[in-house]
Amino acid sequence: MSEERSLNFIEHIIEDDLKAGFQKNKLRFRFPPEPNGYLHIGHASSICLNFGLGERYDAPVNLRFDDTNPAKEEQAYVDAIKRDVEWLGFEWEKECYASDYFQQLYDWAINLIKKGKAYVDSQDSETIAEQKGTPTKPGTPSPYRDRSIEENLELFEGMKNGDFKEGAHVLRAKIDMSSTNMLMRDPVMYRILNKSHHRTGNDWHIYPMYDWAHGESDYIEQVSHSLCTLEFLPHRELYDWFLDQVYEEQNVRSKQREFARRNLSHTVVSKRKLLRLVEEGVVTGWDDPRMPTISGLRRRGYTAESIRKFADTIGIAKRENLIDVSLLEFCIREDLNKKANRVMAVLDPVKVVITNYPEGQEEWLEAENNPEEEEMTYRKVPFSREIYIEREDFREEANRKFFRLKLGKEVRLKNAYIIKAESVVKDDEGNITEIHCTYDEESRSGSGTEASMRKVKGTLHWVSVAHAEEVEVRVYDRLFNDAEPDGHENKDFMEFINPESLTVVKGYAEPSLKESKPGEQYQFQRLGYFCVDTESSKDGIIFNKTVGLRDTWAKLQDKK
RNA sequence: UGGCCUAUGGUGUAAUUGGUAACACAGCUGAUUUUGGUUCAGUCGUUCAAGGUUCGAGUCCUUGUAGGCCAACCA
């Protein structure tokens with residue numbers, strides 16, 4: 001589907017497997033979210049990796065919810081996750097749940113007990129943790145490690161039936177208390193949780209731990225390549241150990257491989273931290289347009305295409321990374337430049353009176369919708385004697401580099417006339433309240449006259465005062481002032497919150513925007529890309545700023 | 001004072017598996033432009049260090065150095 005591109009290391013692994021004789025039609029992948037939060041841009045990378053592999057090899061990809069912890073998980077998250085994956089444009093083969101496999105997992109656990117490879121430990125978690133040792137010191141065996149198979153079976157059944165309180169017992173795999181890998185020191189397979197599960201209700205009183213559930217779920221679904229983030233690398237040994245206990249020759253043996261999670265500058269990508277932003281009211285919710293969640297980006301105006309392009313561009317590897325958010329911004333500009341219609345809106349208005357334009361007269365001028373379009377389409381924009389322009393587009397005096405309106409000089413009004421600033425009106429405090437201009441009657445855009453072809457250096461966007469539609473515009477800036485807010489050892493990431501991440505302004509838009517609907521995207525000419533917010537309605541149109549245009553003028557200003 | 005992983009321009013990722021270090025973003029110049037946008041042209045700058053093997057090393061070996069991960073009844 002995509003143009004030729006070099007392979008990432010995961011694709012190299014798959015190619016090697018194929019060369020070694022693995023059948024292509026046995027390839028199968030999965031995206032395995034835990035339904036305890038919303039998906040973010042980091043997950044988008046994983047989604048694009050797994051589903052991208054599915055497209056590349058024409059292999060099925062399951063959406064599997066890792067729902068083994070009813071204390072944290074909710075149906076609402078399941079729904080949000082499905083919506084986000086769908087919106088990104090991917091189709092899963094099957095919708096699966098680890099909880100679908102609880103019975104199979106339980107049966108396998110019984111077998112492990114019977115083979116003497118699992119036992120019930122009746123100590124509390126602190127004691128078990130102490131006995132685990134440290135990375136440099138081996139652990140010591142639990143006094144319950146050598147319980148009889150009969151006793152283990154009986155206790156485990158009791159755990160399952162709800163005979164015990166939470167924490168009374170756990171089922172542990174009997175592996176190696178002195179392994180250099182802490183995860184192999186008799187890991188817990190089941191704990192008692194007397195909680196209702198969003199799918200299995202009160203059927204179970206015991207729930208499997210990640211390591212026991214995940215690999216076996218892969219195996220049940222016959223996932224060939226189980227891809228996860230690097231922090232699970234030490235789990236691989238355990239993944240393989242558990243698989244050894246249930247694997248049968250004729251089946252595909254699932255293979256776990258790990259890649260580095262993607263970090264984005266000026267934000268955080270961790271469900272726990274994002275949850276804090278939501279719970280502490282820093283943002284209005286998981287889909288606040290400042291959030292790096294997929295739902296937040298969507299509401300901000302990011303397109304699925306731009307996010308997929310981004311994921312594709314940053315690639316997949318194993319090293320630590322901090323991707324500059326400017327790359328994400330590039331991806332959305334590139335996409336919206338092609339798709340978004342150009343319109344005019346003024347966000348910080350100052351009134352211009354065209355003194356030689358007849359009072360009461362109005363004209364509906366033709367305006368291009370998008371110069372990037374293959375076949376140009378047009379709309380009408382009203383012009384009249386009084387218009388708004390941006391306050392920063394006028395200066396009484398300025399040097400040659402200022403290509404905008406200044407006293408005694410001319411500027412082109414986009415799609416309209418050339419005007420010349422003659423004088424200003426100020427209030428008692430010296431603020432400019434009106435700019436009086438004259439216009440060149442012959443200079444109307446597209447009229448074909450000699451005057452209309454005149455080259456003037458600056459072109460401004462504008463809105464007719466009488467026809468302007470008042471709109472609310474939410475101007476967003478990065479949520480954090482620091483490139484890596486959670487990268488400081490002695491500082492909490494919350495200390496770097498940008499207090500000016502949201503500015504709400506009243507703007508004046510051309511009347512064609514009156515009928516705009518939530519989700520629609522526009523380029524406000526010379527300002528940036530904006531989309532109609534989900535809270536927008538006929539009575540109050542609300543725009544979110546997606547991203548500004550590249551602004552070389554602003555860069556020049558910054559240098560001073 | 002253990003085990004494992006990683007190291008390529010400012011950032012991210014490649015390099016036909018030992019054969020001219022490249023692509024994108026960002027930066028900087030300039031051209032075009034009725035958006036200081038877009039587009040176009042150009043430019044800046046890279047293999048963690050030290051040894052070794054080799055005609056030849058980003059790639060292989062050795063030793064360092066730096067960063068990351070591992071001691072939840074979380075995933």
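Chain letters run A, B, ... following the sequence lines, proteins first and then strands; every chain starts at 1.
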S.K.: If you look at every strand shown and take non-hydrogen atoms under 4.0 Å, does A/I316 touch a base, only sugar-phosphate, or nothing?
M.R.: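 The residue A/I316 makes sugar-phosphate contact but no base contact.
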
S.K.: What is the distance, to the nearest angstrom, from the CD1 atom on A/I419 to the P atom on B/U34?
M.R.: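 A/I419 atom CD1 is separated from B/U34 atom P by 17 Å.
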
S.K.: Categorize A/S445 for me: base, sugar-phosphate, or nothing, with a 4.0 angstrom heavy-atom threshold over every strand shown.
M.R.: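 Base, at least one base atom sits under 4.0 Å.
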
S.K.: Between B/C73, B/C70, B/A14, spot the one nearest the side chain of A/P135, thanks.
M.R.: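 Of B/C73, B/C70, B/A14, B/C70 is nearest to the side chain of A/P135.
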
S.K.: Quantified in whole Å, what is the P atom distance between nucleotide B/C70 and nucleotide B/U53?
M.R.: 40 Å

S.K.: Whole angstroms only, please: what is the CE-P distance between A/M189 and B/A75?
M.R.: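 Going from CE in A/M189 over to P in B/A75 covers 13 Å.
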
S.K.: Produce the list of close N/O pairs, under 3.5 Å, pairing protein atoms with atoms of nucleotides 21-27 of chain B; give distances to one decimal.
M.R.:
from, atom 1, to, atom 2, distance (Å)
B/G27, OP1, A/K555, NZ, 2.6

S.K.: Answer with base, sugar-phosphate or nothing: what part of the nucleic acid does A/G446 contact at a heavy-atom distance below 4.0 Å?
M.R.: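 A/G446: base contact, heavy atoms under 4.0 Å.
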
S.K.: With the side chain of A/R262 defined as its heavy atoms from C-beta on, choose the nearest nucleotide among B/G12, B/U6, B/G37.
M.R.: B/G12

S.K.: Could you tell me whether the side chain of A/R319 has a donor or acceptor atom within less than 3.5 Å of a complementary atom in the base of B/U13?
M.R.: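 When only heavy-atom distances are counted, A/R319 does not reach the base of B/U13 through any donor-acceptor pair under 3.5 Å.
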
S.K.: Identify whether any heavy atom of A/D124 sits under 4.0 Å from a base atom; if not, whether one sits that close to sugar-phosphate; answer base, sugar-phosphate or nothing.
M.R.: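 The residue A/D124 makes base contact.
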
S.K.: Do we get A/R333 above A/Y529's six-membered ring, with its NZ or CZ under 6.0 Å from the centre and within 45° of the axis?
M.R.: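 Cation-pi check for A/R333 and A/Y529: fails.
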
S.K.: Under the criterion side-chain contact (heavy atoms from CB on, under 4.5 Å), I'd like the reasoning laid out for A/H43 against A/Y38: C-alpha separation, chi angles, the key distance, then a yes or no.
M.R.: CA-CA 9 Å; A/H43 294 111; A/Y38 278 56; over 6 Å; no

S.K.: Mark yes or no for a side-chain to base donor-acceptor pair under 3.5 Å between A/H235 and B/A75, with no hydrogen or angle criteria applied.
M.R.: yes

S.K.: Closest approach to the side chain of A/K455, judged atom by atom: which nucleotide of B/C74, B/C73, B/U33 is it?
M.R.: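 Among B/C74, B/C73, B/U33, the one nearest the side chain of A/K455 is B/U33.
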
S.K.: Heavy atoms under 4.0 Å, any strand shown: does A/K318 hit a base, just sugar-phosphate, or nothing?
M.R.: sugar-phosphate

S.K.: So if I take every side-chain heavy atom of A/S6 and compare against B/A14, B/U34, B/G36, which nucleotide ends up nearest?
M.R.: B/A14

S.K.: Answer with yes or no whether A/E372 presents, from its side chain, a donor or acceptor under 3.5 Å of a partner atom in the base of B/G37.
M.R.: yes

S.K.: For the pair made of CD1 in A/I41 and C1' in B/G12, what is the distance, rounded to whole Å?
M.R.: 14 Å

S.K.: Name the pairing partner of B/G19, where a pair is Watson-Crick or G-U wobble with both distances under 3.5 Å, or state none.
M.R.: B/C55

S.K.: Taking only the P atom of each, what is the distance from B/A24 to B/U38 in whole angstrom?
M.R.: 16 Å

S.K.: Step by step, would you call A/E258 with A/Q256 a side-chain hydrogen bond (donor to acceptor under 3.5 Å, both in side chains)?
M.R.: CA-CA 7 Å; A/E258 311 81 13; A/Q256 175 184 301; 3.1 Å; yes

S.K.: Between B/G37, B/A71, B/G3, which nucleotide has the shortest distance from any of its atoms to the side chain of A/T180?
M.R.: B/G3

S.K.: Under 4.0 Å, counting only non-hydrogen atoms across every strand here, what does A/L193 touch: a base, just sugar-phosphate, or nothing?
M.R.: nothing

S.K.: Base, sugar-phosphate, or nothing: which does A/N415 touch, judged by heavy atoms less than 4.0 Å apart?
M.R.: base

S.K.: Quickly work out the A/L183 CG to B/C69 P distance and round it to whole Å.
M.R.: 15 Å

S.K.: By nearest atom, which of the nucleotides B/G12, B/U17, B/U35 is closest to the A/H12 side chain?
M.R.: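 Nearest listed nucleotide: B/U17.
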
S.K.: Answer yes or no for this row: A/W553 ring on B/G36 base, centroids under 5.5 Å, planes under 30°.
M.R.: yes

S.K.: Mind calculating the distance between CG (A/N341) and P (B/U38) to the nearest angstrom?
M.R.: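 Checked: the CG to P distance equals 18 Å.
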
S.K.: To the nearest Å, how far apart are A/E373 CD and B/U39 C1'?
M.R.: 17 Å

S.K.: Regarding A/V188, tell me which of base, sugar-phosphate or nothing describes its non-hydrogen contacts under 4.0 Å with the strands shown.
M.R.: sugar-phosphate

S.K.: Between the side-chain atoms of A/T459 and the base atoms of B/U35, is any donor-acceptor pair under 3.5 Å?
M.R.: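 When only heavy-atom distances are counted, A/T459 does not reach the base of B/U35 through any donor-acceptor pair under 3.5 Å.
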
S.K.: Just call it for A/D551: base, sugar-phosphate, or nothing, with non-hydrogen atoms closer than 4.0 Å on any strand.
M.R.: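 Counting heavy atoms under 4.0 Å across all strands, the contact made by A/D551 is with sugar-phosphate only.
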
S.K.: Using salt bridge (charged side-chain N to carboxylate O under 4.0 Å, His left out), reason through A/E334 and A/K309 one step at a time and then give a plain yes or no.
M.R.: CA-CA 10 Å; A/E334 185 190 41; A/K309 174 74 188 292; 2.9 Å; yes

S.K.: Using a 4.0 Å heavy-atom cut-off across all strands, classify A/Q123 as base, sugar-phosphate, or nothing.
M.R.: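 Base: the residue A/Q123, judged by heavy atoms under 4.0 Å, touches a nucleobase.
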
S.K.: So does A/Q523 reach the base of B/U35 with its side chain, donor to acceptor, closer than 3.5 Å?
M.R.: yes

S.K.: Could a donor-acceptor pair under 3.5 angstrom be found where the side chain of A/R526 meets the base of B/U35?
M.R.: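 Such a pair does not exist between side chain and base.
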
S.K.: Go through B/G36, B/A75, B/U13 for me and flag the one nearest to the A/N321 side chain.
M.R.: B/U13

S.K.: Measure up the A/F480 and A/F493 rings against each other and bin them: parallel (under 30°), tilted (30 to 60°), perpendicular (over 60°).
M.R.: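 Because their plane-to-plane angle lies in the 30° to 60° range, the rings of A/F480 and A/F493 count as tilted.
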
S.K.: As a quick check of understanding, evaluate salt bridge (charged side-chain N to carboxylate O under 4.0 Å, His left out) for A/E231 and A/R261, giving each step before the final call.
M.R.: CA-CA 9 Å; A/E231 70 263 30; A/R261 106 181 183 195; 5.7 Å; no

S.K.: Say you pick atom C1' in B/U47 and the same atom in B/C4; how far apart are they, in whole Å?
M.R.: 24 Å

S.K.: Considering only side-chain heavy atoms of A/L556, which listed nucleotide, B/G36, B/A14, B/C74, is closest?
M.R.: B/G36

S.K.: From C-beta outward on A/R404, which listed nucleotide comes closest to its side chain: B/G36, B/A71, B/G12?
M.R.: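 In terms of side-chain proximity for A/R404, the closest of B/G36, B/A71, B/G12 is B/G36.
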
S.K.: A/M209 has a side chain; which of B/A72, B/G37, B/A71 sits nearest to it?
M.R.: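 Nearest listed nucleotide: B/A72.
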
S.K.: Would you indicate what A/T68 reaches in the nucleic acid, counting non-hydrogen atoms under 4.0 angstrom: base, sugar-phosphate, or nothing?
M.R.: sugar-phosphate

S.K.: Is it the case that A/K160 places NZ or CZ above or below the six-membered ring of A/Y106, under 6.0 angstrom from the centre and within 45 degrees of the axis?
M.R.: yes

S.K.: May I ask you to say what A/F402 touches in the nucleic acid, namely base, sugar-phosphate or nothing, with a heavy-atom cut-off under 4.0 Å?
M.R.: base

